[in-house]
Amino acid sequence: MGMFRKKGKRASFAVKENQRTLHKNLEFTAVEQYKLLRTNLDFTLPEGETCPVIGVTSSMRGEGKSTTAVNLSYVLAEKGSKVLLIDGDLRIPSVAKKMGINRTLGLTDILMGKGAQISEFQSELLSNWYILPSGDIPPNPSELLGSSRMESILASLKEKFDYIIIDLPPVNIVSDAVSISSLITGMIVVIREDYTEKKDLEHCFRQLKLSNVNVLGCVMNESKNEGGSYSKYKRYKYYKYYKQGTDD
Ligand SMILES: Nc1ncnc2c1ncn2[C@@H]1O[C@H](COP(=O)(O)OP(=O)(O)OP(=O)(O)O)[C@@H](O)[C@H]1O
Ligand SMILES: [Mg+2]
């Protein structure tokens with residue numbers, strides 16, 4: 001499998017935050033790939049779901065989960081849907097930093113019962129795009145994400161939005177993504193070309209399958225598979241979509 005990195009040291013990515021996220025900072029092809037992801041989601045989401053809640057995870061750290069979550073939520077909002085992006089990585093949150101949000105109030109504050117109006121989280125870029133940062137880092141992220149409190153918060157948010165996207169930690173490192181899985185519609189798994197190791201991905205899918213997670217599909221981040229003179233732009237290649245139940 002050429003697309004996976006061979007075992008060994010991971011390459012480091014010294015890319016400035018904020019560069020790979022906002023629409024205007026992405027190359028044309030990358031934007032097109034996110035739009036394709038948006039279209040493909042419509043086909044894989046269960047029919048009649050009024051507000052799908054979509055988790056974004058991967059096997060290990062640094063594969064592009066947060067980048068994917070930010071950009072996917074943006075393209076969904078850009079098309080007119082009311083979208084909420086939640087930073088559900090309560091261990092190493094990055095959405096607020098990527099979006100240049102300084103406010104600290106976030107998901108953990110709401111989980112702790114601190115009152116917050118959803119209008120406080122409206123983004124400056126699009127009036128129908130809302131961003132809920134992680135809030136203070138709690139001692140028990142996994143329990144919080146799978147709690148009945150989280151379930152009722154999601155239920156009330158679902159009445160206000162068309163889509164909810166949750167940026168999650170990696171499956172192979174902590175149990176958080178699996179903990180929240182019964183509360184969400186489905187999961188997108190991000191794979192980074194020349195970075196994700198095959199054995200890690202296999203472990204990730206085993207974990208997801210064991211927990212009956214509805215995997216909506218995979219996103220191949222930073223793919224170099226496309227040839228031709230524009231290949232350098234083909235960074236975010238939509239990779240593969242499959243319904244739950246397909247053999248892995
Ligand atoms: N396609 C890409 N091309 C170039 N740089 C990228 C690409 N995707 C992600 N990056 C960069 O790689 C780094 C890791 O990306 P990101 O934060 O989205 O990953 P993550 O999976 O959320 O990481 P973590 O597990 O730490 O939360 C960031 O600096 C990001 O800007
Ligand atoms: Mg992240």
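Indexing begins at 1, ligand by ligand and atom by atom, following the structure's order. Below, all heavy atoms of this structure are taken into account, side chains as well, without hydrogens, waters or symmetry copies.
Between Ser94 and ligand 1 there is no heavy-atom distance shorter than 4.0 Å.
Below 4.0 Å from some heavy atom of Thr67 lie the following atoms of ligand 1, by number and element: 9 (C), 15 (O), 16 (P), 18 (O), 30 (C). Atoms of ligand 1 lying under 4.0 Å from at least one heavy atom of Glu63, given by number and element, are 19 (O), 20 (P), 21 (O). Each of the following atoms of ligand 1 lies closer than 4.0 Å to a heavy atom of Asp89: 27 (O).
Of all the heavy atoms of Val190, none lies under 4.0 Å from any atom of ligand 1, so neither backbone nor side chain is involved. At a heavy-atom cutoff of 4.0 Å, ligand 1 is contacted by the side chain of Asn221 but not by its backbone.
For the pair Ser59 and Asp200, the tightest heavy-atom approach, listed with the atom from each and the gap, is CB-O, 3.5 Å.
The shortest N or O to N or O distance between Ile92 and ligand 1 is not under 3.5 Å. For the pair Pro170 and ligand 1, the shortest N or O to N or O distance does not fall below 3.5 Å. Close N/O approach between Arg61 and ligand 1 is found [any backbone or side-chain N/O within under 3.5 Å].
Between Lys97 and Asp87 no salt bridge is recorded (no basic side-chain N to carboxylate O distance below 4.0 Å). Ion pairing of Arg206 with Glu202 is absent here, as no side-chain N (NZ or NE/NH1/NH2) approaches a carboxylate O to less than 4.0 Å.
For atom 5 (N) of ligand 1, the nearest non-hydrogen atom from the set Glu222, Arg192, Lys65 belongs to Arg192.
In terms of the side-chain hydrogen bond (donor to acceptor under 3.5 Å, both in side chains) criterion, residue partners of Asp109 (sequence neighbours excluded) are, by chain and number, Lys114. Applying the side-chain hydrogen bond (donor to acceptor under 3.5 Å, both in side chains) criterion to Ser123, with sequence neighbours excluded, gives no partner residue.
For the atom pair CD1 of Ile165 and CD1 of Ile86, the computed distance is 9.5 Å after rounding to the nearest 0.5 Å. To the nearest 0.5 Å, atom CD1 of residue Ile166 and atom CG of residue Leu85 are 9.5 Å apart.
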Less than 3.5 Å apart, which donor and acceptor atoms pair up between the side chains of residues 45-54 and the rest of the protein, not counting sequence neighbours?
from  : atom 1 : to     : atom 2 : distance (Å)
Glu49 : OE2    : Thr185 : OG1    : 3.4

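Formation of a donor-acceptor pair under 3.5 Å by the Ser81 side chain with backbone atoms of Val83 is not found in this model.
Each protein N/O/S atom under 2.8 Å from the Mg ion (ligand 2) was counted, for a total of 1.
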Could you go through Ser211 and Ser181, starting from their C-alpha distance and side-chain angles, then the distance that decides it, and tell me whether this counts as side chain to side chain donor-acceptor pair (under 3.5 Å)? CA-CA 8 Å; Ser211 318; Ser181 63; 5.5 Å; no
Which is it for Val215 and Phe205 under the side-chain contact (heavy atoms from CB on, under 4.5 Å) test, yes or no, and what are the steps along the way? CA-CA 9 Å; Val215 178; Phe205 274 101; 4.0 Å; yes
